[in-house]
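Report on one structure; see the data block that follows.
Quick note: numbers below take in every heavy atom, side chains included, and nothing from hydrogens, waters or symmetry partners. Since we're looking at a predicted model, the values are computed, not measured. Protein chains get the first letters and strands the later ones, always in sequence-line order, with residue 1 at the start of each.
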Amino acid sequence: MTYWLFKSEPNCFSIDDLEKVGTEPWDGIRNYQARNMLRDDVKMGDKVLFYHSSCDVPGVVGVCEVVRESYPDSTAFDPTSDHPDPKSDPDNPRWFMVDVKFESKFKNPVSLKQMKEMSEFSGMRLLQKGNRLSLFPVDKHHFDLVLALGN
DNA sequence: GCCAACGTTGGC
DNA sequence: GCCAACGTTGGC
């Protein structure tokens, strides 16, 4: 089993939105490196840290679980969606998504600032300079520590 | 709004 | 294959 961190802008899709709907496709990934991991490495039952980016307090706000492995991201074919890509052919899809299910919302969200201040998190991909990937694997000990801080 | 750090595109 | 121009991400 692999642990992950998925980023989302809360004014677009937040942990509260996920809690309301329960299960949701993680669509709109339009970066090849992220796509490859989403398509090939994100597996059923994997645990995901839900991260709020580009907001007042960036940080991890909860946990969700992968409940469906990669399938074509149909929003790419839909010109009215938030992220259409006319270059993705339904017969040979370029982009993929997975389904995630809400698991928990932290009582104490773990802010990016807080994580930067703790030496335990040094080396975590989230804190690496220039990291712009919207999803990446997280070491188990980092995952466990975020949970301990958040709950 | 600014800007660093990427990633992508397209001419050559 | 190189690289300039442009676009995006995301913290601050």
Side-chain angles (χ1 to χ4, degrees), chain A residues 2-21 24-42 46-66 70-100 102-139 141-151:
Chain A
T2 309
Y3 298 88
W4 301 92
L5 184 147
F6 286 10
K7 295 180 186 172
S8 180
E9 299 187 18
N11 61 8
C12 177
F13 186 74
S14 71
I15 189 76
D16 294 317
D17 295 327
L18 183 61
E19 183 169 19
K20 269 178 224 153
V21 296
E24 181 80 0
W26 200 268
D27 62 17
I29 298 297
R30 298 290 182 268
N31 167 283
Y32 290 104
Q33 208 180 337
R35 189 278 312 265
N36 292 346
M37 290 191 283
L38 199 61
R39 185 189 57 193
D40 304 332
D41 302 328
V42 177
D46 282 358
K47 302 287 188 185
V48 177
L49 297 175
F50 195 116
Y51 180 90
H52 281 175
S53 67
S54 297
C55 56
D56 285 352
V57 185
V60 180
V61 293
V63 179
C64 52
E65 180 183 335
V66 178
S70 78
Y71 59 107
D73 182 344
S74 53
T75 66
F77 315 134
D78 177 3
T80 67
S81 83
D82 290 335
H83 7 253
D85 183 0
K87 284 178 281 193
S88 187
D89 176 358
D91 294 327
N92 184 20
R94 177 178 296 200
W95 306 115
F96 293 81
M97 58 190 179
V98 301
D99 286 358
V100 297
F102 176 83
E103 187 163 298
S104 67
K105 180 182 168 181
F106 287 163
K107 285 199 291 281
N108 309 298
V110 183
S111 70
L112 177 64
K113 180 171 182 291
Q114 184 181 353
M115 297 172 77
K116 280 180 171 173
E117 286 167 352
M118 294 179 61
S119 60
E120 291 90 334
F121 287 113
S122 68
M124 192 182 182
R125 201 153 175 176
L126 180 68
L127 305 184
Q128 283 172 10
K129 190 177 169 187
N131 168 44
R132 292 177 6 183
L133 269 183
S134 60
L135 64 95
F136 48 84
V138 172
D139 291 343
H141 68 280
H142 286 148
F143 183 91
D144 289 342
L145 184 53
V146 172
L147 249 66
L149 294 167
N151 285 318

Worksheet item: Among all residues two or more places apart in sequence or in another chain, which pass the salt bridge (Lys or Arg N to Asp or Glu O under 4.0 Å) test with A/Arg30?
Response: A/Asp73

Response to the item:
Taken in chain and number order and not counting sequence neighbours, the residues that satisfy salt bridge (Lys or Arg N to Asp or Glu O under 4.0 Å) with A/Glu103 are A/Lys47

Which residues share a side chain to side chain contact (heavy atoms under 4.5 Å, CB included) with [X], sequence neighbours left out:
X        : answer
A/Ser74  : A/Phe77, A/Met97
A/Ser111 : A/Val57, A/Lys113, A/Gln114
A/Asp139 : A/His141, A/His142
A/Ser8   : A/Phe13, A/Trp26, A/Phe50

Worksheet item: Whole Å only: how far is the CD atom of A/Gln128 from the P atom of B/dC6?
Response: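 The distance from CD of A/Gln128 to P of B/dC6 comes to 10 Å, rounded to the nearest Å.
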
Fill in: Pairs involving residues 124-134 of chain A, ordered by first then second residue, that meet side-chain hydrogen bond (donor to acceptor under 3.5 Å, both in side chains) (sequence neighbours left out)
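Listed once each, the pairs would be none.
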
Worksheet entry | Residue-phosphate contact under 4.0 Å: A/Lys129 side-chain N/O, B/dA5 OP1/OP2 | yes

Discussion item. Checking side-chain polar atoms at under 3.5 Å, does A/Thr75 have a donor or acceptor matched by the opposite partner on A/Asp78?
Written reply: no

Worksheet item: Of all of residues 27-38 of chain A, which get a heavy atom below 4.0 angstrom from DNA chain C, listed by number?
Response: none

Worksheet item: How would nucleotides 7-12 of chain C be written as a contact map, 5' to 3', with B for base contact, S for sugar-phosphate-only contact and - for no contact, using protein heavy atoms under 4.0 Å?
Response: BBBBSS

